[in-house]
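Scope of the values below: all heavy atoms of this structure, side chains included, with no hydrogens, waters or symmetry mates.
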Amino acid sequence: MKNIVVVGAGQAGASLVARLRAKGFDGAITLLGEEPVPPYQRPPLSKGYLLGDMALERLFLRPESFYADQGIDLRMGARVRAIDRAAKTVVLEGETLPYDALALTTGSAPRRLPASIGGDLPGVHTVRGLADVDAMAEDFRPGARVVIVGGGYIGLEAAAVAAKRGLDVTVLEMAPRILARVAAPETAEAIHTLHAAHGVRILTETALAQIDGTDRVTGVTLAGGSQLPADFVIVGIGIAPATDLAEAAGLTLDNGIATDAQGRSSDPAIWAAGDCASFPWQGGRLRLESVQNAIDQAECVADNMLGACCDYVPMPWFWSDQYDMKLQIAGLNMGYDRVVVRQAQARSHWYFKGDALISVDALSDPRAYMVGKRMIEQGMTPDANALADPATDLKALLRA
């Protein structure tokens with residue numbers, strides 16, 4: 001194998017090409033990214049960068065010089081038009097690149113509201129890439145009124161930044177509570193209370209009917225007919241895997257680009273990693289949207305492209321910064337049947353499925369997070385009563 005092409009210059013793509021070189025691959029590597037900047041961190045976009053606390057260069061995962069120094073042909077502003085699997089080429093504007101192996105790290109795209117209800121009006125923003133955040137930055141003026149559609153982590157993080165900047169913030173959530181699909185009621189309640197303390201209005205069981213305005217957003221109309229004024233709107237209703245290229249190339253899709261346990265797509269010369277890829281997990285398929293997964297999965301795929309033949313075994317963890325609270329999550333809470341609340345110096349919520357500990361939400365409690373993460377990775381299950389007792393030394397439970 002002499003020539004590897006990677007499509008998608010986000011966290012997964014950058015991690016994959018760096019790993020290839022670190023593992024001794026000495027062939028040609030081309031990294032293709034649509035954006036006009038080197039690979040960068042996305043989580044700080046809606047936090048430190050939007051607040052003005054982080055300069056653009058600090059977002060970059062590595063200095064631009066790294067890629068040239070490593071013999072990696074980084075092409076920015078390069079949009080791939082198609083994949084020709086028979087010829088083993090990728091087609092760009094005016095150029096065709098051959099590959100021996102191709103990796104798709106195309107990430108994900110924000111879900112948008114339909115144009116028919118005003119989703120494409122000026123002043124309607126999504127939060128995903130650098131251009132998105134740059135476009136909304138000028139709207140973040142103290143006193144401005146923002147309506148945020150969606151009470152998931154994306155919308156709530158945007159709400160926290162807006163509140164810190166002195167904006168008038170309203171969050172609309174269709175479900176009976178925020179974070180309904182991703183967190184226990186105990187975690188959702190704590191975060192709801194935190195936002196309320198910072199002046200954010202969260203309207204649950206509230207559906208959006210229309211974004212109002214002609215040349216620009218002026219407000220929103222709710223399903224019940226009531227109206228809210230708004231200077232701009234942020235849409236945080238989730239993301240979808242970016243699979244257009246893969247679909248057009250005839251690759252198998254299943255909640256993203258379907259791969260085997262080692263990261264191969266239905267074409268053995270094409271691999272996938274990161275937000276765009278789903279992989280076998282516990283008898284089904286799993287697709288994870290996190291920085292940690294993008295790195296770990298991409299590095300596993302890089303190893304397998306070089307012949308390692310190792311299955312990807314995820315050890316998930318996530319985080320969300322809201323005001324001065326850091327929510328750290330270890331494991332996956334899917335299928336939990338009870339939650340143990342621990343209120344010691346800080347608060348943590350421990351998810352159980354039957355007798356097994358499967359996940360932990362630690363609210364500004366790094367010790368609970370680290371202990372819980374180790375327990376989950378080691379298959380340990382602590383005694384629930386001891387866990388709930390604030391007098392219990394968590395580290396002692398690791399030795400139990």
Query raised in the report: Would you say the side chain of Phe140 lies within less than 4.5 Å of the side chain of Val161, judging by non-hydrogen atoms?
Result: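 In contact.
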Exercise for review: List, by chain and number, the other hydrophobic cluster members for Val147, where Ile, Leu, Val, Met, Phe, Trp and Tyr join if side-chain heavy atoms come within less than 4.5 Å, directly or indirectly.
Suggested key: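 Traced through the cluster, Val147 reaches Leu113, Ile117, Leu121, Val124, Val149, Leu172, Leu203, Leu208, Ile211, Val217, Val220, Leu222, Leu228, Val233, Val235, Ile237.
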Next item on the list: Hey, could you give me each pair passing salt bridge (charged side-chain N to carboxylate O under 4.0 Å, His left out) that has a residue in residues 155-165? Not counting sequence neighbours.
Entry: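 For residues 155-165, and leaving out neighbouring residues, the salt bridge (charged side-chain N to carboxylate O under 4.0 Å, His left out) pairs sorted by first residue read Lys47-Glu157.
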Legend entry - Heavy-atom donor-acceptor pair, Asp275 side chain to Pro241 backbone, under 3.5 Å: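 No; judged by distance alone, with no hydrogens or angles, the pair does not exist.
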* Asked: For the residue pair Gly8 and Leu31, what are the closest heavy atoms and their distance?
  ->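 Shortest heavy-atom contact: O-CD1, 3.6 Å.
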- prompt: Does one side chain, of Arg42 or Tyr40, offer a donor that lies under 3.5 Å from an acceptor on the other?
  reply: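 Arg42 vs Tyr40: donor-acceptor pair found between side chains.
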- Task: Indicate yes or no for a side-chain donor-acceptor contact from Asn3 to the backbone of Pro98 under 3.5 Å, with no hydrogens or angles considered.
- Result: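 Indeed, once roles are kept as given, a pair shorter than 3.5 Å links the two residues.
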Quiz item: For the side chain of Asp100 and the backbone of Lys2, is there at least one donor-acceptor N/O pair under 3.5 Å apart?
Solution: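 Between the backbone of Lys2 and the side chain of Asp100 there is a qualifying donor-acceptor contact (under 3.5 Å).
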message = Main chain of Ala272, side chain of Thr259: is a donor-acceptor contact present, judged purely on distance under 3.5 Å?
response =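 Not a single qualifying donor-acceptor pair exists.
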For this session: List the atom of His125, the atom of Gly123, and the distance in Å for their closest heavy-atom pair.
Result: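 Scanning both residues, the minimum pair turns out to be CD2-O, 3.6 Å.
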Would you check if the side chain of Arg145 reaches a backbone N or O of Pro229 as a donor-acceptor pair within less than 3.5 Å?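 Not a single qualifying donor-acceptor pair exists.
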Kindly give the heavy-atom pair with the smallest separation between Thr187 and Tyr351, and that separation in Å.
->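 For Thr187 and Tyr351, the tightest heavy-atom pair comes out as OG1-OH, 3.8 Å.
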**OP:** Identify the heavy atoms of Arg216 and Asp231 that sit nearest to each other, and give their distance.
**Re:**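 Nearest pair, atom of Arg216 first, then Asp231: NH2-O, 3.2 Å.
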Exercise. Flag yes if Met136 and Val169 sit in one hydrophobic cluster, no otherwise; membership is Ile, Leu, Val, Met, Phe, Trp, Tyr, and two members link when side-chain heavy atoms are under 4.5 Å apart.
Key: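 Yes, same cluster.
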- Task: Taking atom CZ of Arg264 as the centre, report whether more than 12 heavy atoms of other residues, nucleotides or ligands fall under 6.0 Å from it.
- Result: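 Yes, the 6.0 Å shell around CZ holds more than 12 heavy atoms from other groups.
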Worksheet item: Counting heavy atoms not belonging to Glu377, are there more than 12 under 6.0 Å from its CD?
Response: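 Atom CD in Glu377 is crowded, with more than 12 foreign heavy atoms closer than 6.0 Å.
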### Message
My understanding is that only residues two or more places apart in sequence, or in another chain, count here; which of them pass side chain to side chain donor-acceptor pair (under 3.5 Å) with His195?
### Response
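Residues passing side chain to side chain donor-acceptor pair (under 3.5 Å) with His195: Gln322, Tyr323.
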From CA spacing to verdict: salt bridge (Lys or Arg N to Asp or Glu O under 4.0 Å), Arg79, Glu93: CA-CA 7 Å; Arg79 184 181 177 191; Glu93 188 71 45; over 6 Å; no
### Within-4.5 Å side-chain heavy-atom neighbours: Met76 and Glu64
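Yes; the side chains approach each other to less than 4.5 Å.
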* Is there a path of hydrophobic side-chain contacts, each under 4.5 Å between heavy atoms of I, L, V, M, F, W or Y residues, that connects Ile239 with Leu332? ->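 Ile239 and Leu332: one cluster.
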Flag the pair Leu357 / Ile376 as yes when at least one side-chain heavy-atom distance between them is below 4.5 Å, and no otherwise.
->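 Yes, close enough: below the 4.5 Å cut-off.
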Exercise for the section: Could you note down all residue pairs passing salt bridge (charged side-chain N to carboxylate O under 4.0 Å, His left out) where residues 348-363 supplies at least one of them, sequence neighbours left out? Expected result: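 Listed once each, the pairs would be none.
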- Query: Any side-chain donor paired with an acceptor under 3.5 Å for Glu173 and Thr204?
  - Reply: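 No donor-acceptor contact under 3.5 Å links the two side chains.
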- Check the surroundings of atom CE in Met325: do more than 12 heavy atoms from other residues, nucleotides or ligands lie under 6.0 Å from it?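 Counting neighbours around CE of Met325, more than 12 heavy atoms of other residues, nucleotides or ligands fall under 6.0 Å, so yes.
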Minimum heavy-atom separation for Thr381 to Ala356, with atom names?
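That would be OG1-CA, 3.5 Å.
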| task | Please collect all salt bridge (charged side-chain N to carboxylate O under 4.0 Å, His left out) contacts where either partner lies in residues 189-215, sequence neighbours excluded, each pair once. | result |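 Sorted pair list: Asp168-Arg201.
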Ignoring hydrogens and angles, tell me if any N or O in the side chain of Ser348 forms a donor-acceptor pair with the backbone of Ala368 under 3.5 Å.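 Here the side-chain-to-backbone pair does not exist.
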*Leu130 and Leu59, any side-chain heavy atoms less than 4.5 Å apart*: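 They are in side-chain contact.
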| task | Of all the heavy-atom pairs spanning Ile83 and Ala249, show the shortest one and how long it is. | result |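 Nearest heavy atoms, Ile83 then Ala249: CB-CB, 4.0 Å.
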| message | Test your reading of the model: is there a side-chain donor-acceptor pair from Thr105 to the backbone of Val7, 3.5 Å cut-off? | response |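 Yes, because the side chain of Thr105 sits within donor-acceptor range (under 3.5 Å) of the backbone of Val7.
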Exercise. So, the side chain of Arg347 versus the backbone of Asp365: is there a donor-acceptor pair under 3.5 Å, distance only?
Worked result: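 Checking the backbone N and O of Asp365 against the side chain of Arg347, no donor-acceptor pair under 3.5 Å is found.
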inquiry  = Surrounding CG of Asp324 (heavy atoms of other residues, nucleotides or ligands, distance under 6.0 Å), is the total greater than 12?
reply    =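 Not buried by this count: 12 neighbours or fewer within 6.0 Å.
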Taking atom CZ of Arg367 and atom CD of Gln345, what is their separation to the nearest 0.5 Å?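 It is 7.5 Å, given to the nearest 0.5 Å.
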- Task: Report yes or no: do Met375 and Tyr369 belong to one cluster of Ile/Leu/Val/Met/Phe/Trp/Tyr joined by side chain heavy-atom distances under 4.5 Å?
- Result: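 Cluster IDs for Met375 and Tyr369 differ.
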Quick check on Arg374: does its CZ atom have over 12 non-hydrogen neighbours (other residues, nucleotides or ligands) under 6.0 Å away?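 No.
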Note to self: Under 3.5 Å, is there a donor on one side chain and an acceptor on the other for Arg128 and Ser108?
What the structure shows: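 There is such a pair between these side chains.
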- Look at the side chain of Thr392 and the backbone N and O of Ala386, then say whether any donor-acceptor pair between them is shorter than 3.5 Å.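 Present.
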When clusters are formed by joining ILVMFWY residues with side-chain heavy atoms under 4.5 Å apart, either directly or through shared neighbours, do Leu245 and Tyr99 land in the same one?
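Yes, Leu245 connects to Tyr99 through the hydrophobic network.
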Check the pair Arg62 / Asp69 against salt bridge (Lys or Arg N to Asp or Glu O under 4.0 Å), numbers first and verdict last.
CA-CA 11 Å; Arg62 299 176 184 271; Asp69 292 344; over 6 Å; no
Heavy-atom donor-acceptor pair, Glu186 side chain to Trp350 backbone, under 3.5 Å
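Flag not set: sc Glu186 to bb Trp350 has no pair under 3.5 Å.
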Could you pull out all donor-acceptor pairs under 3.5 Å where a side-chain atom in residues 288-315 meets a protein atom, sequence neighbours excluded?
{"unit_1": "Glu289", "atom_1": "OE2", "unit_2": "Arg287", "atom_2": "NH1", "d": "3.0"}
{"unit_1": "Glu289", "atom_1": "OE2", "unit_2": "Arg287", "atom_2": "NH2", "d": "3.0"}
{"unit_1": "Ser290", "atom_1": "OG", "unit_2": "Asn293", "atom_2": "N", "d": "3.0"}
{"unit_1": "Gln292", "atom_1": "OE1", "unit_2": "Trp317", "atom_2": "N", "d": "3.3"}
{"unit_1": "Gln292", "atom_1": "NE2", "unit_2": "Asp296", "atom_2": "OD2", "d": "2.7"}
{"unit_1": "Gln292", "atom_1": "NE2", "unit_2": "Met315", "atom_2": "O", "d": "3.0"}
{"unit_1": "Asn293", "atom_1": "OD1", "unit_2": "Tyr312", "atom_2": "OH", "d": "2.7"}
{"unit_1": "Asn293", "atom_1": "ND2", "unit_2": "Leu288", "atom_2": "O", "d": "3.4"}
{"unit_1": "Asn293", "atom_1": "ND2", "unit_2": "Gln297", "atom_2": "OE1", "d": "3.3"}
{"unit_1": "Gln297", "atom_1": "OE1", "unit_2": "Gly274", "atom_2": "N", "d": "2.9"}
{"unit_1": "Asp303", "atom_1": "OD1", "unit_2": "Arg19", "atom_2": "NE", "d": "2.9"}
{"unit_1": "Asp303", "atom_1": "OD2", "unit_2": "Arg19", "atom_2": "NH2", "d": "2.9"}
{"unit_1": "Asn304", "atom_1": "OD1", "unit_2": "Cys309", "atom_2": "N", "d": "3.0"}
{"unit_1": "Asn304", "atom_1": "OD1", "unit_2": "Cys310", "atom_2": "N", "d": "2.7"}
{"unit_1": "Asn304", "atom_1": "ND2", "unit_2": "Gln262", "atom_2": "O", "d": "2.9"}
{"unit_1": "Asn304", "atom_1": "ND2", "unit_2": "Cys300", "atom_2": "O", "d": "3.3"}
{"unit_1": "Asn304", "atom_1": "ND2", "unit_2": "Cys310", "atom_2": "O", "d": "2.8"}

Point to revise | Same apolar cluster: Val341 and Leu179, side chain cutoff 4.5 Å | key: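 No.
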